[in-house]
Amino acid sequence: MTEQKGSAYINGLKMGIPIGIGYLAVSFSLGITAKNAGLSGFQAALTSLLLNASAGEYAAFALIAINAGYFEIALMEFIANARYLLMSCALSQKLSDKAGLFHRMIIGVAVTDEMFGVSMSRLDKISPFFYFGMMSVAMPCWSLGTYLGVVLGNVLPSNVVSALSVGLYGMFLASIIPPARKNKIILATVTVSMLMSLVCTLLPVISNLSEGVRTILLTVVISSIAAILFPVKEEEDEA
């Protein structure tokens, strides 16, 4: 059973707080990149609010800095953010049956790695209002951090900004460890995924691919093998 709207939203807010804190730190360094590309604080914050993709924004700001054309930027964004297509398909199956088209369209604006991971780690299907709760904290923090990065510039040393972003990795571990401890198949799949991701950064040809493309290839291959070898039997809904 899914939660009621109010309780689901509150739970989403609570889960969104550590995500938002991590986003605030990471997007600060993103704002510095935007400033170097010549963007104002408002322009950078609006970009973060609408795009919600760290790798995609870094790529966009880098291309803007060298006066790249619209087509080049659009193509790079498609490649860098292609993994969100797969994540959206998986997330759509995790949402409760009460999630209508309008709810799904709103969620589609902010399918991020962290909120996706938290949503997929929950045992039952999630209410769209749970995701809205996470968005209410995470998205403003991501946009605010970018704005502060532009306005404050290089006030904070780069090593301090990098240290603050470690919080996101801790949040990832908190999402992965509980289900992995209960299910050896999940543990094995996560371990293989991490090892293969490392290997792909070292292979001559695959390492030249963008991070988004590598993520898609690994996701399709590993998830397909896991689904074939260890299919999950869905329980019938009780009347």
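A distance of 9.0 Å separates CG of L51 from CG of L30, quoted to the nearest 0.5 Å.
Residue pairs meeting the side-chain hydrogen bond (donor to acceptor under 3.5 Å, both in side chains) criterion with at least one member in residues 43-69, sequence neighbours excluded: S29-Y58, S40-Q43, S48-E57, S48-T146, E57-W142. Applying the ring-ring contact (aromatic ring centres under 6.0 Å, His included) test to every pair with at least one member in residues 97-122, sequence neighbours left out, gives these pairs: H103-F129, H103-F132. For residues 61-100, the set of pairs meeting the ring-ring contact (aromatic ring centres under 6.0 Å, His included) definition, not counting sequence neighbours, is empty.
Qualifying side-chain contact (heavy atoms from CB on, under 4.5 Å) partners for L49, counting only residues two or more places apart in sequence or in other chains: M139, S143. Taking the side-chain contact (heavy atoms from CB on, under 4.5 Å) definition, one finds that S223 meets it with T219, sequence neighbours left out. Considering only residues two or more places apart in sequence or on other chains, S88 meets the side-chain hydrogen bond (donor to acceptor under 3.5 Å, both in side chains) condition with none of them. For V220, the side-chain contact (heavy atoms from CB on, under 4.5 Å) partners are L86, I216, S224, not counting sequence neighbours. Partners of I66 under the side-chain contact (heavy atoms from CB on, under 4.5 Å) rule, at least two apart in sequence or in another chain, are L63, A68.
Taking Ile, Leu, Val, Met, Phe, Trp and Tyr as hydrophobic and joining them when side-chain heavy atoms fall under 4.5 Å apart, one finds L46 in a cluster with F42, L50. Its side chain within the 4.5 Å cluster rule, V192 clusters with M196, L218, I222 among the Ile, Leu, Val, Met, Phe, Trp and Tyr residues.
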Enumerate donor-acceptor pairs with a distance under 3.5 Å from any side-chain N or O in residues 179-187 to protein atoms, sequence neighbours excluded.
{"residue": "N183", "atom": "OD1", "partner": "I185", "partner atom": "N", "Å": "2.8"}
{"residue": "N183", "atom": "OD1", "partner": "I186", "partner atom": "N", "Å": "3.4"}

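Of the residues I64, V150, T33, the one that meets the side-chain contact (heavy atoms from CB on, under 4.5 Å) test with L39 is I64.
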